[in-house]
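Note on naming: letters A, B, ... go to the chains in the order of the sequence lines (proteins, then strands), and numbering restarts at 1 for each one.
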Amino acid sequence: MGSDWASWLGPAEWQAVRLSIRVSFWATLASLPLGIFVAYALARWDFWGKQVLNGIVHLPLILPPVVTGYLLLITFGRRGPVGEFLDAWFGIVLSFRWTGAAVAAAIMAFPLMVRAIRLAIEAVDPKLEAAASTLGASRPWVFATVTLPLILPGIIAGSILAFAKAIGEFGATITFVSNIPGQTQTIPSAIYAFLQVPGGQDSATRLVIIAIIIAMAALLLSEYLARRVAKRVAGS
Amino acid sequence: MGSDWASWLGPAEWQAVRLSIRVSFWATLASLPLGIFVAYALARWDFWGKQVLNGIVHLPLILPPVVTGYLLLITFGRRGPVGEFLDAWFGIVLSFRWTGAAVAAAIMAFPLMVRAIRLAIEAVDPKLEAAASTLGASRPWVFATVTLPLILPGIIAGSILAFAKAIGEFGATITFVSNIPGQTQTIPSAIYAFLQVPGGQDSATRLVIIAIIIAMAALLLSEYLARRVAKRVAGS
Amino acid sequence: MSLRIKVQHGFAGFDLDVDIDLPHGVSVLFGPSGSGKTTLINAVAGLLRPDHGRIAVDDWVLLDTTGRRNLAPHRRRIGYIFQDARLFPHLTVRQNLAYGRWFAPRDARVESMDRTVDLLGIGHLLARRPGTLSGGEKQRVAIGRALLSGPRLILADEPLAALDEARKAEILPYFERLRDEVAVPILYVSHASAEVARLATTVVALREGRVIACGPPAQVLGDVGVVGARGAASLLTARVVAHHADGLTELATGAGTLWLPRIGDAAGATLQVRIMAQDVILSRDRPVGLSALNILHGTISDLRLGDGPGAMVTLAVDEDRLSARITRRSVEAMGLAKGQTCHAVIKTVAVAPDDIGTGRPSPPSHD
Amino acid sequence: MSLRIKVQHGFAGFDLDVDIDLPHGVSVLFGPSGSGKTTLINAVAGLLRPDHGRIAVDDWVLLDTTGRRNLAPHRRRIGYIFQDARLFPHLTVRQNLAYGRWFAPRDARVESMDRTVDLLGIGHLLARRPGTLSGGEKQRVAIGRALLSGPRLILADEPLAALDEARKAEILPYFERLRDEVAVPILYVSHASAEVARLATTVVALREGRVIACGPPAQVLGDVGVVGARGAASLLTARVVAHHADGLTELATGAGTLWLPRIGDAAGATLQVRIMAQDVILSRDRPVGLSALNILHGTISDLRLGDGPGAMVTLAVDEDRLSARITRRSVEAMGLAKGQTCHAVIKTVAVAPDDIGTGRPSPPSHD
Amino acid sequence: AEDLTIFAAASLTNALDSVAEAWTAETGLAAIVSYAGSSALANQIQQGAPADIFISASVDWMDAVDSSGDLRQGTRRDILGNTLVLIAHGQDVTPVTIDENLDLAGMLGNDRLSMALVDAVPAGIYGKAALTSLGLWDSVEPLVAQSDNVRAALAFVALNEAPLGIVYATDAAVADNVSIIGTFPAGSHAPIIYPAAITAQSDSAHAEAFLDYLASDTARAIWQSYGFSVVE
Ligand SMILES: Nc1ncnc2c1ncn2[C@@H]1O[C@H](COP(=O)(O)OP(=O)(O)OP(=O)(O)O)[C@@H](O)[C@H]1O
Ligand SMILES: Nc1ncnc2c1ncn2[C@@H]1O[C@H](COP(=O)(O)OP(=O)(O)OP(=O)(O)O)[C@@H](O)[C@H]1O
Ligand SMILES: [Mg+2]
Ligand SMILES: [Mg+2]
């Protein structure tokens, strides 16, 4: 980045930008395996409590973010049951850390990711999977060699939705891990803060533009990847 | 609803529940045609500015809801350019009406709806559409008789995502149309208000439960519908 | 001059370059896998826009890349039976069948649904969805769907490949009827030379994207280079004389009487009978005491020795040619030579119902 | 006793009820569209769990619904050539072909990739993805994919239906080789009686979900009720005597010398030669001067008049039976009757390469 | 219009509800209150929201609305005040005196001080000002965890995520698990004022009456019961 650029935003703002990218990236990447697993279970298996799982996955969408953040706080906070356990056994502390922001973003984005991947899985022809199994591939291998490559467009779509959502997530994050510059102050928290004071619009606008640029870059990349994948399948 | 039930929530809360359902229902239903159209355009057409459209669709996801609400306020507000125009020419007033809340919810939910439908459209085999065209169906007819029925699962998925999101939407709504009981106070706004004061948790919890019940009912209905559609296509 | 197709199209590693003029009737596309048959048909259907080309049915131009005309597929009024059935999975079999009728213009001549369903033997499937149909059932529904759309041009891409012989024998006459009564031009892909011989007004042999032969079946099918020695056949013109009580039909040809298993046509009708070259036995003297009833005679007009043990002997009988595929050893042993007269022995039962084409239109001209 | 299949399964409106015991070799499933062939094969593959049944290859039980055993498809080590190719769209042709090898156990006997690719003529497609392959190309890749997985059991559902005659003729010997050299049991669905006759050790005729005939091809194919009169054929056992310079091969049968176009087998080899009943001409006296080289003799062991104009005359020649389909009129004119001796005239060229099966294993027992 | 619409800062929820109820009981007139952040409400009024009365938690936002000409001249008045307190988790705590000598950073150790956004939300702004004037800001700044509203800041302390927090006395009074351990001296920050005014576009006949009612004896009693101080 040229110095003009760098100086267009203050150092605290740059920090927020870097943090947002880190948080969103890890939120997306780390929730992907579970997202794929849950999507697969919902799309292909019938089990007791399936609709309950489905409901839980959708919860973050239904609840106001503040409520989700509060629930996270009482569960994963230092004194929360899970938070205490994580701390005691693994030394993982989420509260007031960027990792907590990533968890909040991941949870908020989870329903979007799962739905996209699930739709893709439902579109895979089970006959192809059956063909793979006759060729000697066990269930996990069928998944890895046939299902997974075929749902790549869905995975890409789910990831970009999750990433975009994570870039924009604010309510749950600030409620869960508050707003500590350099630790948990992401772009949206910074924007929010600017909008709370009269005359803060200009600074907010700068950050809004940055957020849009980041998300657009991710979006373009995802479209490009999806197109390549689709082209390969179509033959070319 | 039995009187026990009805009295479990105060009249103001019932009002918020009714309003939330109305807002979410219309937000989903009214944005569906445009959602399908945009999804189709993004999935199947190549046009100048496609990526710009794609970006705009995703904006509400990327931006903190407050920003979206603020942008809506200065655009569609009574003094905003579009708001003034709509009022003068069509007598449509969005600001501080439930219709405005529906618009805010629809816009916030739009990226989710579009992505789900788009994934479904991309999974439709163009060879089937080609077959329909050889049988004399023009483009719109092909769409109505082949594409549309085949993407129904995606439309259902998109709608339920949109509905759930609309039920939970808060930031943009309160920023755009405020929090006027009976007019624009949806469940999340009411929850927000309760959470602002000591001792409000109980009422907030009640409303959270109501929101979950509504969304779960919608979710179950959507799963049921999707299953029926899928079964029909699978045969028997 | 009826269906004129001029198409040039390149895929990576494959070039299609075809320029043919097909008379009314059934034009059969014939050629090995990957020779461009489906590609050509797709161009006619409007599903593939070729790099260059012009396609017209009589005066009705479907495509002209120089004139920038490219009729949308749904305006071409075609009934396309796809190689991969392509049924609509969300519609029942009945709805699939009725699909094309919805869009047919009011004045289109549409086949009767009941008759078609009967013929194809799919009456018990009408309420099902395609997902669980068997391979052959799918293909039959696909045939029905295309035929019921009231098309002005039928494209059939191996429509009978997935069917058993008995079912094929039931459906083939239907295509004949379309060709003759309804006069719909048909472009038909087939690998089966019996089908080709039976249906074709014109045969187009493709190889690697080029036309290697195009003309009436008698000519193309007699061309060993095209069909291979085992596929060679002749077509004899014959007139029905009488039907006899023992189930045989007597026909008159320029070369003598021909006895065939009873055929449907009334006395006086003129037919084309396909006789496979390998079904003909030759004899210098008129043989006696054989179970074969048909002994025709003619003059050897052509005698070609193959590279292998075989030889192709062609007799001129009246206006027609009759080819016999025999061994070189027999040619020598019998001392056959051009200009000699010779007898041809043909078993009555060697001529299958498939091999008798009814009321074939006037012989096509080859461009 | 090798492949034992006992399966009962009901779909709405269709019941499959099969109990067969197939010896090693190729078992051909034969039957009209919708008769349950694919359903049966799916049960063997493990893709369909039948309501009741037991499926075992020798002692290896794949399924036993009473014993609650149901081996997962990927443990069955089958090479399934699907009716609808089912290639993996995201993999190149090469990767599709190699897919099964990945999962084959180390000790599996796997065919050579290069040879298979050559045989199937798909060398130029290796880098492509299946999306744009032609119908026949897809099918060939599907065949290759199944064969290259080193299977212990091959299931082939109309593998050659989409192919032209020339290509079929190239691929068929490959299945023969698998049957004979590699000794993989093969369950093969086909509508083409030439394929049946050529490959089958056992023929299973299905109709509406039941087995209507099951046994060695000579028996089932001679059964007019199963194959129809036009499909009837006999199998003669013949020994290669010598190859002659003019491209003919001399074979000895119990009924006399048989001359065929050159075949690949060395002198001394024993073959089965299929002779279509409709290709045989009968004569009381030994005919002379005919172009047909083969004149066999035998005793009429059976004579059946059909409903139509035809009759089926069976000669006992040595150990074998030779059927001739002729007209009733000839039966009367020649005064044929059981017990008479008779000559059978067969054209050398009437026997196609397809019709000669090599080294067929010992005749199967029928259960 | 008969109905009266009031846009009020979210921290007034409950207290203002009670006042409005009393007003309705006395006059038979309905009063509808829309609670949200002062900034959102101010923006909305500037965009022509149908509010009759605006009660802000921040003088700055009232100034902003005033200067854009959206207030009816002469109706603005300060009605309520609040105090800023230091809170700690639990009941069992030792009170401290808040002055220059308070070792706030030492009390925190590695833990966090929970506040509202110090540059954006009024409670945070007042808190930062107070800490700065007491010379404590520099030492605690790295330890501050900021929330988007006072209630969220309170929640961190209530759940013992953060041991200490700075909130309004009105919030601290009623919360479980939280005790006030000190009150910030009045001079350490600008007075905490809730100004109210009638909007320029109001056409309600009762707006003036309601504004007056906010300072009535009945209202005073209610305000005080919720911990607000009433501006004389
Ligand atoms: N899942 C199913 N539900 C209902 N009916 C079915 C199902 N699968 C197959 N059938 C029916 O069972 C019958 C046998 O089907 P199958 O696919 O085995 O036939 P097939 O012998 O392979 O025919 P083809 O030669 O046409 O492929 C058909 O009538 C088919 O419609
Ligand atoms: N989109 C494409 N891109 C590249 N090559 C293609 C494409 N479509 C077809 N081809 C190639 O063009 C050739 C002709 O294909 P086509 O489908 O016309 O063959 P066909 O004659 O119908 O064969 P079959 O009898 O096997 O169906 C094939 O080699 C095929 O692989
Ligand atoms: Mg093809
Ligand atoms: Mg089948």
Original post:
Heavy-atom distance under 4.5 Å to chain D: side chain of P287(C), backbone, both or neither?
Top reply: side chain
Original post:
At a heavy-atom separation under 4.5 Å, does V345(C) approach chain D through its side chain, its backbone, both, or neither?
Top reply: side chain
**OP:** Between chain C and each of H343(D), K138(D), M334(D), K37(D), count heavy-atom pairs under 4.5 Å; write down the option with the most.
**Re:** M334(D)
**OP:** Nearest 0.5 Å please: distance from the CD1 atom of I281(D) over to the CD1 atom of I281(C).
**Re:** 3.5 Å
Original post:
What part of Q83(D) lies closer than 4.5 angstrom to a heavy atom of chain C: side chain, backbone, both or neither?
Top reply: side chain
**OP:** Show the numbers, then the answer: is there a side-chain contact (heavy atoms from CB on, under 4.5 Å) between H191(D) and R167(C)?
**Re:** CA-CA 10 Å; H191(D) 288 310; R167(C) 187 58 74 181; over 6 Å; no
Original post:
Rounded to the nearest 0.5 Å, how far apart are OG1 of T38(C) and CG of L133(D)?
Top reply: 12.0 Å
**OP:** Select, from S190(D), G135(D), G36(D), C342(D), the one with the greatest count of heavy-atom pairs under 4.5 Å involving chain C.
**Re:** G135(D)
Original post:
Of all of R329(D), E137(D), E158(D), R284(D), which one pairs up most often with chain C through heavy atoms under 4.5 Å apart?
Top reply: R329(D)
Original post:
Taking all non-hydrogen atoms of both residues, which atom of D164(D) and which atom of S33(C) are closest, and how far apart?
Top reply: OD1-N, 3.2 Å
**OP:** Working to the nearest 0.5 Å, report the span between OG1 of T327(D) and CH2 of W259(C).
**Re:** 10.0 Å
Original post:
Between H244(C) and chain D, which part of the residue has a heavy atom less than 4.5 Å away: side chain, backbone, both or neither?
Top reply: side chain
**OP:** Find the one option among D285(C), V313(C), L336(C), L248(C) whose heavy-atom pairs under 4.5 Å with chain D are most numerous.
**Re:** L248(C)
